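Taking it in order: structure first as structure tokens, then the write-up.
Computed from heavy atoms alone, side chains included, the values below leave out hydrogens, waters and symmetry copies. We count ligands from 1, going down the list as the structure has it; atoms in each ligand are counted the same way. None of these values were measured; they are calculated from a predicted model.
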Amino acid sequence: MKKITIIGTGYVGLVSGAGISDFGNSVICADIIEEKIKILKNGQVPIYEPGLKELVKKNVGFGRLSFTSNVEAAIQEAEVIFIAVGTPESDDGTADISAVESVARTIGKNINGYKIICTKSTVPVGTGKLITKIINGTKDSKYEFDYVSNPEFLREGSAVKDFLWPDRVIIGASNDKAFKIMKEVYSPLYINEKPILYTSVITAEMIKYAANSFLALKISYINEVANLCDSLGADIHQVAKAMGQDGRISPKFLHPGPGFGGSCFPKDTKAFAALSKGQGLTMKTIEAAIETNEMQKNMMVKKMKKLIGGNFYGKQIAILGLAFKPNTDDIRDSASIVIIDSIIKEGGEVRAYDPIANQSMENIFPDLNYFMSWEEASKGADGVAIMTEWNEFRGISLSLLKSLLKSPIILDTRNIFSIENLEKNKFKYDNVGRSSIQ
Ligand code: NAD
């Protein structure tokens, strides 16, 4: 059992903290936001993530997991310190690692014995060197440390499952001692023969960006194929299914939609492209994936506009789904933001509903009309756009929806309704890659 401190208690930090304590380690989750820590100490969880509340409760109950806003004391307590703070996009597309740098300085000032300093945040290749330099430059003690890169691959919406049963764990360490300690942290996974990859720090940093950018590329690719299917009358679902049955391709990340969002793909692709540019190399594939994604989000706006007669002015549009994907309250870079923004700018009105993410969206659009059900949001609307494939939307009765709307118009950006059912209910509809406007 190791004594662990996780700095940054967001989606990654909290899930990792709960998961690592579930592996039997003693974990302190630290964050500078007092309010977050207060919520956690009161037995609540500040984010929505299936299974997280239960995992936190279980490990707090066993006395293995605790929370603090005293980051300095938490650093002193730990043998292994994970950095899991945010690395948002800067104005120039590069990753803003100022929070990581700030944590490195705090670690340097408070190091009180040999420790492993491990970064879980997604950071540009070479950040490990920088963190090591910052800590060495800040500490005035004799204590040594080893630096490790341990990128995280969990997906919001299934983060707990992904963390407890990962495909693999990447440990970029500069020596065997550090790797061995990290392997002990993850010992239940090692015992269960999950692959634990030992790489250099720089290679681990590269793996994270290369993997995320490839997935983003796959999504942009299938979206472009879907758009061509739209034009030519082919069915993207059959195309994607057949592609996925080819073992070389795999069916994952071949779902057409309104463009990727969330806290990772948009910023990680941009950071990867910027990183490459900094080396005098152009990553044309990734730049194209980014551009395609922006076009895809705008294409959803065009499709909706066309469906309702060319202009949003004076129209009420129900937006069903605000989160960038189901089972999360995260709305960062969600495609819904782009369509909402366009409707408002053109003088239309948005009637918004998400089973979980209304509150998150209120931070961006405080003045929208938010509703507590899809039925209320749809009542009297001129049309509806499905932006997130929540399960409860899959079960929508199209005849009931039609009776609530002013006109039976639907943009199904997630292709959750069958064409047959839409036709049967005489909807004017559009989707992504299955048919054009009737
Ligand atoms: P987040 O914004 O949800 O959480 C970051 C937390 O760090 C916040 O609670 C913030 O208060 C805290 N913080 C910031 N500065 C701090 C400081 N100096 N000391 C202590 N706490 C501080 O971010 P996230 O989504 O958890 O992402 C964290 C990192 O993990 C990012 O680099 C991200 O790219 C990466 N990542 C995210 C996901 C994901 O699905 N969200 C998946 C894999 C990797």
Quiz prompt | Pair Phe179 and Tyr198, ring centroids less than 6.0 Å apart | solution = yes
Any N or O of [X] closer than 3.5 Å to N or O of ligand 1:
| X | answer |
| --- | --- |
| Asp31 | yes |
| Glu152 | no |
| Lys120 | no |
| Tyr11 | yes |
| Val12 | yes |

Quiz prompt | Arg155 to ligand 1, any heavy atom closer than 4.0 Å | solution = no
Quiz prompt | Non-hydrogen atoms of Pro258 and Thr413 that approach each other most closely | solution = CD-O, 3.5 Å
Practice problem: Any atoms of ligand 1 less than 4.0 Å from a non-hydrogen atom of Ser263? List them with their elements. | Solution: 25 (O), 39 (C), 41 (N)
Quiz item: For ligand 1, which atoms sit closer than 4.0 Å to a heavy atom of Ile7?
Solution: 19 (N), 20 (C)
Practice problem: Going by the side-chain contact (heavy atoms from CB on, under 4.5 Å) test, name the single residue among Ile28, Ile81, Val12, Ile20 that passes it with Ile6. | Solution: Ile20
Practice problem: For the pair Glu89 and Lys267, find out whether any cationic side-chain nitrogen is under 4.0 Å from an anionic carboxylate oxygen. | Solution: no
